[in-house]
Amino acid sequence: MQSLLPPSPNNLTSPALRLARLAPTRLPVFKCAYRSDSVHFPNGVGSSRADWQSSCAILASNVVSQQPHTPSDKSGTADHVASVNGHKTSVDLDIVPIEKLEDDKSISPPPPPRALTITDYSPAPMHGSQLRVAYQGVPGAYSEAAAGKAYPKCEAIPCDQFEVAFQAVELWIADRAVLPVENSLGGSIHRNYDLLLRHRLHIVGEVQLPVHHCLLALPGVRKEYLNRVISHPQALAQCELTLTKLGLNVAREAVDDTAGAAEFVAANNLRDTAAIASARAAELYGMEILENGIQDDSSNVTRFVMLAREPIIPRTDRPFKTSIVFAHDKGTSVLFKVLSAFAFRNISLTKIESRPHRNRPIRLVSDSNEGTAKHFEYLFYVDFEASMAEVRAQNALAEVQEFTSFLRVLGSYPMDMTPWSPSRGGD
Ligand SMILES: O=C(O)C(=O)C[C@]1(C(=O)O)C=C[C@@H](O)C=C1
C-alpha cells in the first residue's frame with residue numbers, strides 16, 4: 001500500500017501498538033492502529049505511522065461497503081471476516097455494530113462459522129498473504145530493519161513493548177516477532193531472555209544486523225547547543241566512548257527505542273537534545289545527521305531471533321542452531337556435565353547465558369560445620385551449532401535431561417550465514 005501523506009514531524013503522534021489494544025474487544029481499533037503503524041518492505045520505506053493512520057481511517061470507514069456479501073459467497077463469514085496469517089478470523093465483525101445488523105433486514109445473517117482445517121495451524125501464512133512481523137519500537141528502529149532482513153517482503157508492525165510483540169503473535173495478530181538478544185558491544189539483552197521463558201513462542205530463525213548509529217538533531221542545531229543525548233540504553237552503551245571523544249559530556253537519557261528518541265526530539269522541537277538512531281530514523285522524522293557511525297566499533301552487530309507460534313521442522317541440509325534453557329538439578333558439577341554432553345559429541349556452543357531463577361532464586365545448602373549456606377540459583381540459556389534433526393543433538397539433550405530439573409528447547413533454526421560486512425550508513 002502507498003502512504004497517503006508525506007512523512008512530517010507534525011505527524012508523529014500516533015503511538016505504537018500498546019498492551020491495552022490487545023484486549024479482544026478492541027481488535028478492530030487495534031487492527032486499524034497497527035495498520036496505521038506498519039511498514040511494508042521493500043516499498044514501504046518512508047511511510048510514517050501517521051500516514052498509515054490516515055489511510056486507516058479511510059479503510060475503516062469503507063470496510064463494510066468494500067466487501068459485499070452475496071449468497072454465492074462460499075467462504076463462510078467472508079464479508080466481515082479478516083484474514084490473519086492467511087486464516088479467517090472474526091475480528092472485523094465488531095466493525096459493524098450488532099444492532100445495525102439486526103435492524104437492517106437487507107443484510108442477510110452471517111452463515112455458520114467455517115470448520116477449522118489443518119492449514120489453520122500452519123506456521124507460515126497461506127499463499128498471497130503477507131507475513132506480519134511485530135517488533136518493539138517505531139519505524140526507523142533497528143528491530144524494524146531486522147524484520148526486513150529476515151523477511152524482505154513482510155509487513156512490519158511496531159509495538160511499544162517487547163511484551164506486546166509477543167502477545168501480537170500469541171493472538172494471531174502477527175505471524176512473527178523479532179527480538180534483539182545480544183549485541184557485539186553491549187552483550188546480552190537480559191530482559192529478552194526472561195521473556196523467551198515467560199512466553200510459549202518458538203525461535204524459528206536468527207539474523208545478525210550491522211548496527212550503524214548516527215547522532216541526530218533538529219535541522220540547524222549544532223553540537224555546542226546540546227545538553228542531552230537520548231536513546232535506547234543499548235545504543236547509548238554502544239556509543240559511550242565516541243560520545244566522550246566528540247566532547248559531548250552531556251546528560252545521557254535512556255528511552256524505549258532509538259527511532260522513538262528521534263521521533264520524540266522532533267515532535268517536541270527539542271533544540272538542546274540529540275538522539276542516537278539510524279539514518280532511516282533521521283529521514284522519517286526530519287532530523288539532521290550531526291555525526292555518522294558513532295558506534296564505538298565499526299563492526300557493531302546485534303543478533304535478533306524470530307519467534308513464531310509453531311516451531312519449524314529442523315533440517316540437516318544447511319547449518320542449524322538450537323537454543324535451549326535448563327535449570328540445575330541437585331548434585332555437583334552439573335554445569336560441567338551438561339556442557340560435556342555437547343563437547344563429547346563435537347557440538348560447538350555459541351552462547352551461554354545465566355539468568356536468576358525467579359521461581360527458585362536461592363538454594364539452601366546444609367553444612368554442619370559452616371551453618372546453612374545459600375547459593376543463588378540460575379537458569380542457563382545455551383545456543384549450540386546443531387539441528388534437532390541430528391542424532392548427536394538428540395543424544396546430547398537426552399543426557400542433559402538426566403542432570404537437569406527443567407529443560408526446554410526454545411527452537412532449532414537456520415543459522416544466519418550472511419557473509420560478514422561491516423556496518424554501512426543507513427542500516
Ligand atoms: O531501539 C532500537 O532501534 C532497537 O531495535 C532495539 C535495539 C536493542 O534492543 O538492542 C536493537 C539494536 C541496537 O542494538 C540498539 C537497540
Side-chain angles (χ1 to χ4, degrees), residues 15-17 37 39 41 45 48-49 133-151 154 156-166 176-196 206-216 229-243 252-266 274-285 287 289 293-307 351 353 416 422-427:
L17 221 146
D37 288 338
V39 171
F41 290 97
V45 173
S48 77
R49 294 175 302 128
V133 184
Y135 68 94
Q136 194 261 341
V138 298
Y142 297 103
S143 299
E144 184 204 40
K149 180 176 176 190
Y151 306 107
C154 76
I157 302 171
C159 301
D160 73 344
Q161 294 170 42
F162 286 119
E163 186 77 41
V164 178
F166 275 82
R176 303 280 186 276
V178 62
L179 188 73
V181 286
E182 57 180 320
N183 172 267
S184 54
L185 284 168
S188 291
I189 301 159
H190 294 126
R191 203 183 114 66
N192 292 350
Y193 279 89
D194 299 340
L195 279 174
L196 282 173
E206 65 165 8
V207 283
Q208 299 191 357
L209 187 82
V211 171
H212 183 96
H213 290 301
C214 303
L215 186 71
L216 310 182
V229 175
I230 63 172
S231 197
H232 186 280
Q234 274 282 336
L236 288 168
Q238 292 160 26
C239 303
E240 200 178 325
L241 300 175
T242 315
L243 288 179
R252 292 161 201 193
E253 271 177 36
V255 293
D256 283 347
D257 73 298
T258 56
E263 183 189 40
F264 182 77
V265 173
I276 297 174
S278 63
R280 174 166 148 75
E283 203 182 300
L284 284 176
Y285 305 112
M287 306 279 283
I289 299 178
I294 58 164
Q295 62 281 3
D296 291 343
D297 177 7
S298 63
S299 47
N300 183 33
V301 173
T302 299
R303 175 172 167 252
F304 295 80
V305 291
M306 276 77 70
L307 306 165
K351 174 100 209 268
E353 180 67 51
D416 181 357
S423 68
R424 302 176 309 268
D427 283 330

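First listed ligand is number 1; within each ligand, the first listed atom is number 1.
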For atom 13 (C) of ligand 1, closest protein heavy-atom neighbour: Thr302 OG1, 3.6 Å
Heavy-atom proximity to atom 15 (C) of ligand 1 ranks first, among Gln234, Gln136, Arg191, for Gln234
Keeping the roles fixed (side chain from Asn192, backbone from Val181), state whether a donor-acceptor pair exists under 3.5 Å. no
Checking Gln234, His213, His212 against Tyr142 for side-chain hydrogen bond (donor to acceptor under 3.5 Å, both in side chains), the one that qualifies is His213
Only residue of Leu216, Thr242, Val229 satisfying side chain to side chain contact (heavy atoms under 4.5 Å, CB included) with Ile276 is Val229
Quick note on ligand 1: atoms under 4.0 Å from a heavy atom of Thr258 include exactly 1 (O), 2 (C), 3 (O)
Count the heavy atoms of every other residue, nucleotide or ligand shown that sit under 6.0 Å from CD of Glu240, and state whether that count exceeds 12. no
Spell out, as yes or no, whether a donor-acceptor pair under 3.5 Å connects the side chain of Ser184 to the backbone of Val301. yes
Nearest non-hydrogen contact to atom 4 (C) of ligand 1 from the set Ser143, Ala281, Ala277 belongs to Ser143
Classify the contact between Pro180 and ligand 1 as side chain, backbone, both or neither, using a heavy-atom distance cut-off of under 4.0 Å. side chain
Among Val178, Leu195, Leu196, find the residue that satisfies the side chain to side chain contact (heavy atoms under 4.5 Å, CB included) test when tested with Leu307. Leu196
Report the part of Ile189 in contact with ligand 1, treating N, CA, C, O as backbone and CB onward as side chain, heavy atoms under 4.0 Å; options are side chain, backbone, both, neither. side chain
With respect to Phe264, which candidate in Val138, Val255, Ile230, Asp256 satisfies the side chain to side chain contact (heavy atoms under 4.5 Å, CB included) definition? Ile230
Does even one non-hydrogen atom of Glu144 get within less than 4.0 Å of ligand 1? no
What residue and heavy atom of the protein are closest to atom 8 (C) of ligand 1, and at what distance? His232 CE1, 3.6 Å
Does ligand 1 come near enough to Gln238 that some N or O of the ligand is less than 3.5 Å from an N or O of the residue? yes
Around atom 11 (C) of ligand 1, find the nearest protein heavy atom and jot down its residue, atom name and distance. Phe304 CZ, 3.9 Å
